[in-house]
Each structure stands twice: as structure tokens, then as C-alpha cells.
Amino acid sequence: MNREPDFADDFRGPGLSPQRWVDHYLPHWTTPDRSRARYDLDAGGLRLRIDADQPDWRPEDAPLRVSNIQTGSHAGTHRHRPDGLEIRTATATELLWAPSAGRVEVTVSASLDENCMLAAWLVGTEHLSARDSGEICLFEIDASAVTAEATVARSGIKAHSDDRLTTDMAEVTVPFSAAAPHTWTAAWGPDGTVIGCEGRVVRKLPQAPGYPLFLLIDLFEIGPPSGSYPKTARVHRVRGWS
């Protein structure tokens, strides 16, 4: 892009900006003590954490713990499974950054900790219609898929409840360790979606959601607690253009 971003954060402030981020993972589907992110900020950016005493996101999904930041919220966003999701916490609709088309750049360092996954998704807000539920998955990086020479990630589109889209996810390999800082991009609009990593295209898809999307960046621990804590990943910078 040849202009300044509409949304930008390098996480150098004394705290996370409430004008840019909600520091809970899909808070409407659970309770605040379970959805609240664990994190800290330092010279390296935002460090997402899974702590030893952190509760599961929902008892029904245990063992699953997550620390997430997202660019808004709405009671009903990301009904990602067909059963068992009910609104447990009243959540105001906040459209802090929710473009219908544009470009986003996310610079991260993935986790190497046992059973962890770092992910970044653009998901339909659903505040206009429950049909507006599609997702652009920039990346899902399992710690076990990161080596010194290469990283395997999952990337693509998930339709969820949007019958205008077709789920198209694939594994992609990038020739470096994702534990080091690196940048993923997504550009989407009427002509489709292009997902890139470090300047190279990893997915080109002829479809894209055409409605407002929230950006979610999350660190998951999937499986029973094990290993040492805290488990961490870093978000160094985010830039977005609507």
C-alpha cells in the first residue's frame, strides 16, 4: 500500500489499546474469567501467554486454553461449531476495525511450546447477518510443525455458515523457522483473496467474504496441561488498510 495504514499497532504503549483491541477470546460464548487473555508488553511487542493457572476457554471444550486479542466484538460472532454454543455473557457490539475488503499485515514469532498453536484469522462479525460468518485464515502454526529450516502452516478460507463460500484450507511450507519474527499478509476483495508470507504468495483463492471482518490473533494450548509455563508467542506489529 502507498498510503498510511488505517489501523496500526506496534504494541509499544504501556498497555494494550482499548481503541484497537478487545483482550478476550469470543467472550459471548463463555465467561470473562475464561475468555480473558494473559499477556504482557515489552520492547519485543505483545507477548501472549498461556499460564499454568489459566482456566479452559469453556468447560465443554476442555482441555483448551487460549489468549487472544481481536479488533472488536459482537454477541454471536464466530459460531464455529454447530452444537453447544450459547451466549453466556452479554457483549456489546464494538467495531474497532472491521473492514469488508482490504489488506492486513501481521508480524509474529510463533510458539515452540508443547501443544501450542498460534493463529491469525479474519472472521465475519455477523452483526448484520448470521450468514456473514466466513473466515480468512492467514495462518495456523502448530509448535510441532516448526523446525530450524522450515515451518508448515495451515492457510485459506473457511465458509462456516456462509453458503456463498467454499471451505478451502491447505498446508503451506515456508523455508524458515516461524519462531523468528516474520510477516503474514492477506489482501481480499471482489477479485478474491491472496495470502502471503515474507513477500511470497502462499495461497491465491478466487473467493473472499464481502462483509465486515474482525481480526483475531490467538495463542492456543490444545490438550492437557504439560511442560513448563508460561507458554508464549509474540505479536510484534499489525497494520491494516480498509
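When reading the values below, keep in mind they use all heavy atoms of this one structure, side chains included, and skip hydrogens, waters and symmetry mates. Predicted model, so just to flag it, every value in this text is computed and none were measured.
- Of the N and O atoms on the side chains of Q54 and S67, at least one donor lies less than 3.5 Å from an acceptor on the other residue.
- With hydrogens and angles left out, the side-chain atoms of S226 and E114 include a donor and acceptor closer than 3.5 Å.
- With 3.5 Å as the limit, one finds no donor-acceptor pair spanning the side chains of D218 and W121.
- Distance alone, capped at 3.5 Å, places no donor-acceptor pair between the S35 side chain and the T30 backbone.
- Between W21 and F7, the angle of the ring planes goes over 60°, which puts this pair in the perpendicular group of the 30/60° scheme.
- Judged purely by distance below 3.5 Å, without hydrogens or angles, the side chains of D162 and Y211 pair a donor atom with an acceptor atom.
- Between F11 and H236, the ring centre distance reaches or exceeds 6.0 Å.
- In this model, no donor atom of one side chain and acceptor atom of the other lie less than 3.5 Å apart for D142 and S144.
- Ring planes of Y25 and F220: perpendicular class, angle over 60° (limits at 30 and 60°).
- No hydrogens or angles considered: nothing links the side chains of W29 and T89 as a donor-acceptor pair under 3.5 Å.
- The shortest distance between side-chain heavy atoms of D132 and H160 does not fall below 4.5 Å.
- Shortest non-hydrogen contact noted between A98 and P212 is O-CB, 3.5 Å.
- Applying the side chain to side chain contact (heavy atoms under 4.5 Å, CB included) test to T147 and every residue at least two apart in sequence or in another chain returns E149, A150.
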